[in-house]
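Following: one structure in structure tokens, then a few remarks.
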Amino acid sequence: MRLALIAHDEKKPDLIAFAEERKADLERFELIATGTTGQRLIDATGLDIDRKESGPLGGDLQIGAEIADETCDGVVFLRDPLTAQPHEPDISALLRICDVHQTPLATNLASADAVLDELVSRLDDEE
Ligand SMILES: O=C(CO)COP(=O)(O)O
């Protein structure tokens, strides 16, 4: 099962803390991430992560393409709701394609645990 991890700059510390706390669960997934998020997570946790382009350079769209292909099963995307992003259209496209494909999506820490718990239980059911 494949899970995408993304965070805007202000939220990267939160995502790193989440990944440290949930490392044992995250290790069970094929992980993908946008470029800078992925590098920060690798440096902090040692998780094995397939890094796409940085968000502003198309990383959100690359992950969106995986959602459209139904090769990515869930997304944790800690957005910064207080800072305008130059690639807002790409962000909207990613959120939209998750809705089109009924892909579990968490956009804040409060729901990240819930989405991960659900995906972990799907993994358990598969085994
Ligand atoms: O901008 C992002 C998501 O929209 C994240 O990109 P980075 O992980 O490269 O910072």
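Since the model is a prediction, treat every value here as computed from it, not as a measurement.
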Are R22 and D25 close enough, and set up right, to give a salt bridge (Lys or Arg N to Asp or Glu O under 4.0 Å), and what steps lead you there? CA-CA 5 Å; R22 302 290 310 255; D25 289 318; 2.9 Å; yes
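- T37 places no side-chain N or O within donor-acceptor distance of the main-chain N or O of A33, the cut-off being under 3.5 Å.
- Taken to the nearest 0.5 Å, the CG atom of L15 stands 9.5 Å off from the CD1 atom of I6.
- The local environment of CZ in R79 is sparse, with at most 12 non-hydrogen atoms from other residues, nucleotides or ligands closer than 6.0 Å.
- Side-chain atoms of S121 come within 3.5 Å of backbone N or O of E118 as a donor-acceptor pair.
- Rounded to the nearest 0.5 Å, atoms CG (D73) and CD (E66) are 9.5 Å apart.
- Under the 3.5 Å distance criterion, the side-chain polar atoms of Q62 are matched with a main-chain donor or acceptor of E53.
- In the hydrophobic clustering of this structure, L105 groups with I63; members are Ile, Leu, Val, Met, Phe, Trp, Tyr whose side-chain heavy atoms approach within less than 4.5 Å, directly or through other members.
- Nearest heavy-atom pair across V75 and L3 is N-CD1, 3.9 Å.
- Once rounded to the nearest 0.5 Å, the distance linking NE2 of H101 with CD1 of I67 reads 8.5 Å.
- Ionic pairing of D80 and K12 is not present here: no N-O contact between side-chain nitrogen and carboxylate oxygen is shorter than 4.0 angstrom.
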Can you check salt bridge (Lys or Arg N to Asp or Glu O under 4.0 Å) on R28 and E127, steps first, answer last? CA-CA 12 Å; R28 300 178 63 189; E127 285 171 7; 3.1 Å; yes
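- Using a distance-only test at 3.5 Å, with no hydrogens or angles considered, no donor-acceptor pair links the side chain of K23 to the main chain of L47.
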